[in-house]
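The figures here come from the full heavy-atom set of this structure, side chains too, leaving out hydrogens, waters and symmetry mates.
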Amino acid sequence: MNAEEHSAQHDFDAMSKIVNKLYKMSRDYWRTGSGRPREKNKKALEFHDRVQAFRFPLTAGEMKQLLLRDRVNSKIETEETKFVHLPPLEDDPLFIPVLRIKADLPNKFAEFRVEMYTYKDEAGMENRPSGIGFRFETPTLDSPNHNFHHVQLFDTENGGGLGEALIKLPSTVPCMPLLADEPVSLTLCMIVSLYGTQGLSDVISDLNLDPMYFAPLRQLVT
Amino acid sequence: MTDRILVYDNDGDASRKYKERMDSVRSVRENYQVDVLSTKEFKNQLDGLRERRKRLRVGKSVRFEGLEIDGASIFVVDYDLFQALSNEDVPTGEELCYLARCFSNCGLLVALNQFCKYEENVFDLSLRGHPESFADLNVGGRQIGNPGLWGEDSEFRPWSWPNLIRAQQSFEVKTKIMLEGLENPIAEVLGMEELAETMPVNLTKFLGLEGGKTLVRNFVAESASGLKGKDKPPSDEIVARIAASRVSIWLEGSVSPGQDILIDGPHLVSRFPSLLAGEPEDPASWNKTASFGDYDEIGIRDAKIKTFEFLNDELLSRPAWLWSPLSKSREIVEVEHPWERRATTLAFAEDTSKFHPRSECIEYEANLDSPYDTRFAKRVSGVDYRPANMLLR
């Protein structure tokens, strides 16, 4: 294994750990039946149950497969129809976040598509999900304008065909720059964006990640 | 008067072997007299316990004294008592533990070989306890003489084991806490009211239909984790002993392993190294956190996190903190600035209760309902790691 392959493997292992931990935290929270935490926010739990009907969550076995399937090439890619359900958003729990991943670590490429769904209280809309999407991406190499780590909005394909986007969204602007310099630090940026510093602390607390991945985020120190 | 350990296996040679193993441990010799029960004495205990059970069922009074088991600080019994008595209904060691816990004044109960074969030295990688068992501890017969079980040093020493001497000594304190709280909800007695509200039902169902709101007395008398069948509650003192034992087993075997509700010293400093009081380069600083002393004795900067201590720590075998509020404390560097955290070169091994270089340990996922299920094992020679496939990478 040459230095580049070693680096890609190192990045892959770090990203796998983070994604797996997000999955476990999510599973722990959203689990069904008697294993579910008796959370006060019953509405969020109910919304999640409904989102599962069209944004199918990865099972534990599928999650393992996702992280093992292309380990040798240091790539991760979720299937079109399967989503990593994310832990609840503490600051806005009625938006249910789900994630699709495409990462090619040897090429320093990653795209995290976060969709967030909610349900409106308006008459006739109670059963139709409304969504908004955020793409966290490594630099778009063929774009002279977006050649930096960034996050952009995207439409959620009408809530999987069952509902509608919150509004019609611009999908290229704003293209908000992120404090990341490679795919793993991009992953950390996504987590800080969704869960804040406490959330990041919780996710990474037992992962023993290489501190180099935090270097860009250190600029956040106030 | 020296505290007494009683040992019984219907195989007399095995009984003597267990005694020899315990007697070979210095701290056992210094604290206990180990006596083997003969089969005749065993029969007396069994008959006596069954008689008490019977009398209670028909509303007659019972005095919980007069049997040798009433005065035992620790009762060690093998699981397989098959053919202990000819032509008689012989209980398993587990059934005997139930009788001893519910109808005697016995101290700690240790069952041997219930979850392993005779003479195996098993480490359960799943880290799931055995809350269904009435034994306060289940270990293999070979493990009863492991010095690590009795507070001494030992290469193989599962972190899930208590320090048996401390556990035995604190059992009376636990009983007193339960006796004083007999008419109160368990969660209140434990100081875990808020926490119990949010725990999943499959965790709190052990405590009864009302979860943490179940009164201590009702937990023993009515829940599936207390008295069985039509058994009637004995005296308040015995009810408190049952509660002390069963609640501790639940805390140690079901609540603690996940390290997501309560977190103990070594797992805490693994997540937040800035809380380590000693020199981070010195493994001894880390290993100190995996001891059974008080909060201020285990090498953790406790002042920053004092408000998150588990209040009734007498009910646990080791210091622990409430993870959820602690994990949000901005007093902790890694929470306030997660990007400032440093990588550690040491990992805490569940099978040795010590920190080792990560490269010497294997990382695996324990079978726990917790997001923090990634653990490490050193893999000590001569130990059977089960289930073995959990170590496959």
Query raised in the report: Looking only at atom types and distance, does a side-chain atom of Gln219(A) sit under 3.5 Å from a main-chain N or O of Pro216(A), one as donor and one as acceptor?
Result: yes
Report task. Mind telling me whether Trp339(B) and His337(B) have parallel, tilted or perpendicular rings, with 30° and 60° as the class edges? Result -> tilted
Query - Cation over ring face, Arg113(A) and Phe154(A), 6.0 Å, 45° - result: yes
**Report entry** Toward chain A, the part of Ser270(B) with a non-hydrogen atom under 4.5 Å
**Finding:** backbone
Query - Polar side-chain atom of Asp351(B) near backbone of Lys378(B) as donor-acceptor pair, under 3.5 Å - result: yes
Query raised in the report: Of all the residues in residues 188-201 of chain A, which have a heavy atom that comes within less than 4.5 Å of a heavy atom in chain B?
Result: Thr197(A), Gln198(A), Leu200(A), Ser201(A)
Query raised in the report: Highest number of heavy-atom pairs under 4.5 Å with chain A: which of Glu336(B), Arg358(B), Arg342(B)?
Result: Arg358(B)
Query raised in the report: Are Trp286(B) and Phe348(B) an aromatic pair by the rule of ring centers under 6.0 Å?
Result: no
Query raised in the report: When you measure from the centre of the six-membered ring of Trp159(B), is the NZ or CZ of Arg318(B) under 6.0 Å away and within 45° of the axis?
Result: yes
Requested in this report: Could you please state which residues from residues 13-21 of chain A sit under 4.5 angstrom from chain B, measuring non-hydrogen atom to non-hydrogen atom, sorted by number, or 'none'?
Outcome: Lys17(A), Asn20(A), Lys21(A)
Query raised in the report: Under a 4.5 Å heavy-atom cut-off, does chain B meet the side chain of Leu209(A), its backbone, both or neither?
Result: backbone
Query raised in the report: Distance under 6.0 Å and angle within 45° of the ring axis: does Arg50(A) meet both against Tyr119(A)?
Result: yes
**Report entry** Region of Gln259(B) in contact with chain A, defined by heavy-atom distances below 4.5 Å
**Finding:** neither
Report task. Give, for atom CG of Leu326(B) and atom CG of Leu262(B), the distance between the pair rounded to the nearest 0.5 Å. Result -> 11.0 Å
Query raised in the report: Does the separation of the ring centres of Trp323(B) and Tyr372(B) fall below 6.0 angstrom?
Result: yes
Requested in this report: Could you tell me which of Asp202(A), Asn208(A), Asp210(A), Leu207(A) has the largest number of non-hydrogen atom pairs under 4.5 Å with chain B?
Outcome: Asn208(A)
Requested in this report: Determine whether the side chains of Trp321(B) and Asp302(B) contain a donor N or O and an acceptor N or O closer than 3.5 Å.
Outcome: yes
Query raised in the report: Are the side chain of Ser26(A) and the backbone N or O of Leu22(A) linked by a donor-acceptor pair below 3.5 Å?
Result: no
Query - Exam field: side chain Glu62(A) to backbone Thr59(A), donor-acceptor pair closer than 3.5 Å - result: yes
Query - salt bridge (Lys or Arg N to Asp or Glu O under 4.0 Å) evaluation trace for Glu182(A) with Lys108(A) - result: CA-CA 6 Å; Glu182(A) 46 68 53; Lys108(A) 299 283 180 197; 5.3 Å; no
Query - Heavy-atom donor-acceptor pair, Arg386(B) side chain to Phe123(B) backbone, under 3.5 Å - result: no
Requested in this report: Verify, without hydrogens or angle tests, whether Tyr29(A) (side chain) and Leu45(A) (backbone) share a donor-acceptor contact under 3.5 angstrom.
Outcome: no
**Report entry** N/O donor-acceptor pair under 3.5 Å between Thr214(B) side chain and Gly211(B) backbone
**Finding:** yes
Query raised in the report: Considering heavy atoms only, which positions within residues 271-283 of chain B lie below 4.5 Å of chain A?
Result: Arg271(B), Phe272(B)
Report task. Working to the nearest 0.5 Å, report the span between CG of Asn218(B) and CG of Leu207(B). Result -> 12.0 Å
Query - Toward chain B: residues of residues 74-81 of chain A with heavy atoms under 4.5 Å - result: none
Requested in this report: Of all the heavy-atom pairs spanning Ser353(B) and Ala290(B), show the shortest one and how long it is.
Outcome: O-CB, 3.5 Å
Requested in this report: Could you tell me whether a side-chain N or O of Arg128(B) sits under 3.5 Å from a main-chain N or O of Leu125(B), the two making a donor and an acceptor?
Outcome: no
